Every structure is written in structure tokens, then in C-alpha cells.
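Take a look at the structure set out below.
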Amino acid sequence: MGEVRPMPSFGDLYGDLRGEDRTMRVSYHPDRGAVVLSLWSGTVCRGSFRMPADDVGRFLTLLTEIQRSIAPPAAPQPTRPAGDGPAAVAGWPVATAPSVDKTGDISGTTHRTVLPILPTPRVA
């Protein structure tokens, strides 16, 4: 894998559905113009992919389409009654700010120690 560095402050950590201490780290490295996706099993990096920052938009478009395909259709909103007094707004749903989902907890990642560098396996 090469040199393993602590996760930069701009990134996130995601748990695998299968558990077993599997995670995916996503980090942005502005000095390299790259977003790095790395797959971890415990403290061992099993693979990584360096995506050019220019491809992030295309990747986000794909993820947005996936999100739209799994999201339930929005319920139709009732028509607001005529008038502007309290009686006109009785029963009208109150608008609330959308909730923000946390995708992973990376607290404390900036103070981790450097993981040992393991030899790169050679494939014939």
C-alpha cells in the first residue's frame, strides 16, 4: 500500500454492513488533488483508490441517482387554505429544518499514531 498516514481532518469513516471491523475511509488530499477511498480490516489497509478531484462531480451524480432510486416518494402536500389569519393556518403543517444524518464518527482521528508499514504483496 505504501506509506500509511493518519486520516486528514477532511474526510469520513464508514462501517461495512458485514461488520467484522471492516471500514472504508474517504479522505481528501488537496496537495495531491485526490480523494482517497481506502478499505480497512481493523488496523490493516486492504486496498485503496485515488480518485482525481476532477472526477468527484461525476461520482456525486452517480451517488445522487442511487439515493433517489432508494428514497420513498414524497407525500403530496395539502393545499394551503385561503386567507392569512390564524384560522387559515390551523392544521397546516409547520415547516421544519431537514435532519442531518451523520455518516460516520471520525472524532479523535487527528491524534492517532501512525500505523506500521507493512510490506506490499507482490502479484505475479
Side-chain angles (χ1 to χ4, degrees):
M1 286 294 116
E3 183 180 353
V4 177
R5 298 180 181 186
M7 189 160 173
S9 60
F10 197 80
D12 210 343
L13 182 67
Y14 300 87
D16 191 296
L17 286 174
R18 297 169 287 183
E20 300 176 20
D21 208 19
R22 298 174 191 222
T23 57
M24 178 178 74
R25 294 181 186 183
V26 179
S27 57
Y28 174 56
H29 300 267
D31 55 324
R32 296 181 182 158
V35 173
V36 177
L37 306 167
S38 54
L39 302 175
W40 293 78
S41 178
T43 59
V44 179
C45 179
R46 297 295 184 183
S48 66
F49 180 82
R50 292 183 184 184
M51 179 185 302
D54 294 343
D55 285 347
V56 170
R58 186 167 57 112
F59 188 57
L60 286 175
T61 299
L62 171 65
L63 292 176
T64 300
E65 289 301 315
I66 291 170
Q67 185 178 33
R68 285 183 185 155
S69 72
I70 60 176
Q77 293 293 323
T79 306
R80 187 177 180 128
D84 60 356
V89 293
W92 182 254
V94 177
T96 58
S99 65
V100 177
D101 295 331
K102 282 190 164 185
T103 57
D105 181 13
I106 60 167
S107 60
T109 57
T110 58
H111 299 291
R112 289 187 180 174
T113 58
V114 176
L115 299 174
I117 298 174
L118 301 174
T120 305
R122 296 188 174 252
V123 178

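Remember, predicted model here, so these are calculated numbers, not experimental data.
Remark: Gln67 CD is loosely packed, at most 12 non-hydrogen atoms of other residues, nucleotides or ligands lying under 6.0 Å away.
In this structure, Met24 is a member of the same hydrophobic cluster as Leu60, with clusters built from ILVMFWY side-chain heavy atoms closer than 4.5 Å. Cluster membership for Phe49 and Val35, using ILVMFWY side-chain heavy atoms within less than 4.5 angstrom, is shared. Residues Leu39 and Leu37 are members of one and the same hydrophobic cluster, defined by side-chain heavy-atom contacts under 4.5 angstrom among Ile, Leu, Val, Met, Phe, Trp and Tyr.
In terms of heavy-atom proximity, Arg25 sits nearest to Leu13 at CG-CD1, 3.3 Å. Of all non-hydrogen atoms in Ala34 and Tyr28, the two that sit nearest each other are O-CD1, 3.4 Å.
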Check step by step if salt bridge (charged side-chain N to carboxylate O under 4.0 Å, His left out) holds for Arg22 and Glu20. CA-CA 5 Å; Arg22 298 174 191 222; Glu20 300 176 20; 3.2 Å; yes
